Amino acid sequence: MTVTPSLVLHGGESVLHFSGGPVTLCRPDKEHHIPLAAISFVHAEGRSLAVVLTASGANEPTIYRVTGVDEAAALAFAEAVTAALPADPAPDGAALVVTRTPAAPESAGPAGARGGPWKPVAAAVVVAAAVLLIALAVFAARG
């Protein structure tokens, strides 16, 4: 059994992932999950990498291009994906691609509320401060 290393290729605001299964292209507005059977070939040229899908008949192939990548990393990525391509690709690669909108960050609560990972800590600090103030008031009253 051949083990494919997990490869990540960064270019501008795009990130390509490959771990032996589908190639995933993440962009700020979309994520494209590209099965290997949908890929005709992968081409690295300089600081650019193109994932070219299969196309049937007179249809133009869909091309996913990432620019601004490291040249050596692009060559390694292209070689790894090419080595994993099936002998019999699908006739229409674009039909196999699943495109999703990236998950939105978790809501911080009601509209306009600012939150984040610090929110539980801030609540604990407020509670501790309130307990301290009550304790001080009780001791001052006994005084």
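Small disclaimer: the values here were computed from a predicted structure and weren't measured.
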### Task
State plainly whether one hydrophobic cluster holds both Phe18 and Val15, where clusters connect Ile, Leu, Val, Met, Phe, Trp and Tyr through side-chain heavy atoms under 4.5 angstrom apart.
no
Thr99 meets the side chain to side chain donor-acceptor pair (under 3.5 Å) criterion, sequence neighbours left out, with His32
Exercise. Do other residues, nucleotides or ligands put more than 12 heavy atoms under 6.0 Å from Asp88 CG?
Worked result: no
The side-chain contact (heavy atoms from CB on, under 4.5 Å) partners of Pro89 (sequence neighbours excluded) come to Thr54
**Chi angles and distances behind the side-chain contact (heavy atoms from CB on, under 4.5 Å) call for Val42, Val52** = CA-CA 6 Å; Val42 180; Val52 181; over 6 Å; no
Sequence neighbours excluded, the answer for side chain to side chain donor-acceptor pair (under 3.5 Å) partners of His10 is none
Contacts under 3.5 angstrom, residues 59-75 side chains, donor-acceptor by atom type, not counting sequence neighbours:
unit_1	atom_1	unit_2	atom_2	d
Asn59	ND2	Ser56	O	3.4
Asp70	OD2	Ala72	N	3.2
Asp70	OD2	Ala73	N	2.9

Is Leu49 linked to Phe41 within one hydrophobic cluster, defined over Ile, Leu, Val, Met, Phe, Trp and Tyr using a side-chain heavy-atom separation of less than 4.5 Å? no
NZ of Lys30 to OG of Ser14, rounded to nearest 0.5 Å, is 13.0 Å
Residue pairs passing the ring-ring contact (aromatic ring centres under 6.0 Å, His included) test with at least one member in residues 74-94, sequence neighbours excluded, are none
What one should report as the nearest heavy-atom pair of Ala37 and Pro86 is CA-CG, 3.7 Å
Would a single hydrophobic cluster contain both Leu7 and Leu25, if residues Ile, Leu, Val, Met, Phe, Trp and Tyr are joined by side-chain heavy-atom contacts under 4.5 Å? yes
Residue set satisfying side chain to side chain donor-acceptor pair (under 3.5 Å) with Ser48, at least two apart, ordered chain then number -> none
Between Pro102 and Arg27 the two heavy atoms that sit nearest each other are CG-O, 3.9 Å
